[in-house]
Undergrad: 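Below you'll find the structure I mean.
Remember, predicted model here, so these are calculated numbers, not experimental data. Residue numbers run from 1 in the order of the sequence given.
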Amino acid sequence: VVEVGIKLDPEIKKKVLIERGIVPQLMTFGEVMFKPGQRVEEHKHDTMFEVFFVQRGRAKFVVNGKEVLLKEGDCLTVEPGEVHSQANPFEGDVTWLYFGIATD
């Protein structure tokens with residue numbers, strides 16, 4: 001398992017469980033932990049679905065301007081082209097599994 005900084009904020013570390021190219025259309029499968037106050041700014045993926053599953057803690061996602069609060073056991077799918085951000089405005093750490101599936 002490789003641990004690296006995420007592209008949008010190298011201070012936020014992710015564990016890459018399955019790298020791109022191993023499974024067709026799978027862009028990545030990993031686990032990430034956000035400390036209190038960490039966030040990823042709005043962005044989008046034109047040709048990729050992203051799925052997030054919260055393992056521990058709570059997180060705030062914003063998808064196309066709509067706030068979505070997630071807690072342990074919650075799952076969220078972000079479709080291609082949807083503008084989204086992730087944040088941990090809470091006191092404890094939050095950890096989630098995520099994967100991306102390419103549409104092209």
Undergrad: Shared ILVMFWY cluster between Leu70 and Val63, side chains joined below 4.5 angstrom?
TA: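 Yes, one cluster joins them.
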
Undergrad: What do you reckon, is CZ of Arg39 surrounded by more than 12 foreign heavy atoms closer than 6.0 Å?
TA: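 Yes - once you tally the heavy atoms of other residues, nucleotides and ligands closer than 6.0 Å, there are more than 12.
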
Undergrad: Drop me the distance from Met27's CE to Arg20's CZ, to the nearest 0.5 angstrom.
TA: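 Rounded to the nearest 0.5 Å, the CE-CZ separation comes out at 3.0 Å.
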
Undergrad: Hey, quick one: are Phe29 and Ile101 part of the same hydrophobic cluster, counting side-chain heavy atoms closer than 4.5 Å, chains of contacts allowed?
TA: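 Same hydrophobic cluster.
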
Undergrad: Is it the case that His84 and Glu42 place a side-chain donor and acceptor less than 3.5 Å from each other?
TA: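 Note: His84 and Glu42 side chains miss the donor-acceptor criterion.
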
Undergrad: Can you see which heavy atom on Glu82 is nearest to which on Thr77, and at what distance?
TA: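 So the two residues come closest at OE1-O, 4.3 Å.
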
Undergrad: Are more than 12 heavy atoms, taken from residues, nucleotides or ligands other than Lys15, located less than 6.0 Å from that residue's NZ atom?
TA: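 Open.
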
Undergrad: Between CG of Asp74 and CG of Leu69, what distance do you get to the nearest 0.5 Å?
TA: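 So the gap between those two atoms works out to 9.5 Å.
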
Undergrad: Test Phe61 against Phe52 for ring pair (Phe, Tyr, Trp, His ring centres under 6.0 Å), laying out the working first.
TA: CA-CA 10 Å; Phe61 283 66; Phe52 302 90; 4.9 Å; yes

Undergrad: So do Pro89 and Lys60 actually touch side chain to side chain, heavy atoms under 4.5 Å?
TA: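 The answer is yes; the side chains approach within 4.5 Å.
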
Undergrad: Between the side chain of Glu31 and the main-chain N/O of Trp96, is any donor-acceptor distance below 3.5 Å?
TA: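 Not at all, since once roles are kept as given, no pair shorter than 3.5 Å links the two residues.
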
Undergrad: Taking CD in Glu19 as the centre, count heavy atoms belonging to other residues, nucleotides or ligands within less than 6.0 Å. Is the count above 12?
TA: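 Atom CD in Glu19 is not packed in, count stays at 12 or less.
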
Undergrad: Taking Leu76's backbone N and O only, do any of them form a donor-acceptor pair with Glu50's side chain (distance below 3.5 Å, no angle check)?
TA: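 Not at all, since once roles are kept as given, no pair shorter than 3.5 Å links the two residues.
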
Undergrad: To the closest 0.5 Å, what do you measure between CE (Met33) and CG (Asp93)?
TA: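 Those atoms lie 4.5 Å apart.
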
Undergrad: When you look at Val94 and Arg56, which way does the side-chain contact (heavy atoms from CB on, under 4.5 Å) test go after all the steps?
TA: CA-CA 5 Å; Val94 61; Arg56 289 179 294 282; over 6 Å; no

Undergrad: Do Tyr98 and Val40 sit in one hydrophobic cluster, given that two such residues count as connected whenever their side-chain heavy atoms are within less than 4.5 Å of each other, even indirectly?
TA: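 Yes.
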
Undergrad: For Lys13 versus Val32, what's the shortest heavy-atom pair and its separation?
TA: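 Here Lys13 and Val32 meet closest at O-CG2, 3.2 Å.
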
Undergrad: Give, for atom CD1 of Ile6 and atom OG1 of Thr28, the distance between the pair rounded to the nearest 0.5 Å.
TA: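 Those atoms lie 11.5 Å apart.
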
Undergrad: Is there side-chain contact between Asp46 and Pro80, with at least one heavy-atom pair below 4.5 Å?
TA: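 Not touching, per the 4.5 Å side-chain cut-off.
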
Undergrad: Are Val78 and Leu8 co-members of a hydrophobic cluster defined by side-chain heavy atoms under 4.5 Å apart?
TA: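 Linked, Leu8 and Val78 end up in one cluster.
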
Undergrad: CG/Asn88 to OG1/Thr95 distance, rounded to the nearest 0.5 angstrom?
TA: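 Asn88 CG to Thr95 OG1: 9.5 Å, rounded to 0.5 Å.
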
Undergrad: Heavy-atom distance under 4.5 Å between the side chains of Val4 and Val16, does that happen here?
TA: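 Yes, close enough: below the 4.5 Å cut-off.
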
Undergrad: Measure the spacing between CD1 of Ile12 and CZ of Phe34 and express it to the nearest 0.5 Å.
TA: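 Going from CD1 on Ile12 over to CZ on Phe34, the span is 4.0 Å.
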
Undergrad: Are Ile22 and Val51 connected, step by step, through hydrophobic side chains (Ile, Leu, Val, Met, Phe, Trp, Tyr) whose heavy atoms are closer than 4.5 Å?
TA: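 Yes, it is one cluster - the side chains of Ile22 and Val51 are joined through contacts under 4.5 Å.
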
Undergrad: Between Asn64 and Val83, is there a donor-acceptor pair closer than 3.5 Å when you use the side chain of the first and the backbone of the second?
TA: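 Checking the backbone N and O of Val83 against the side chain of Asn64, a donor-acceptor pair under 3.5 Å is found.
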
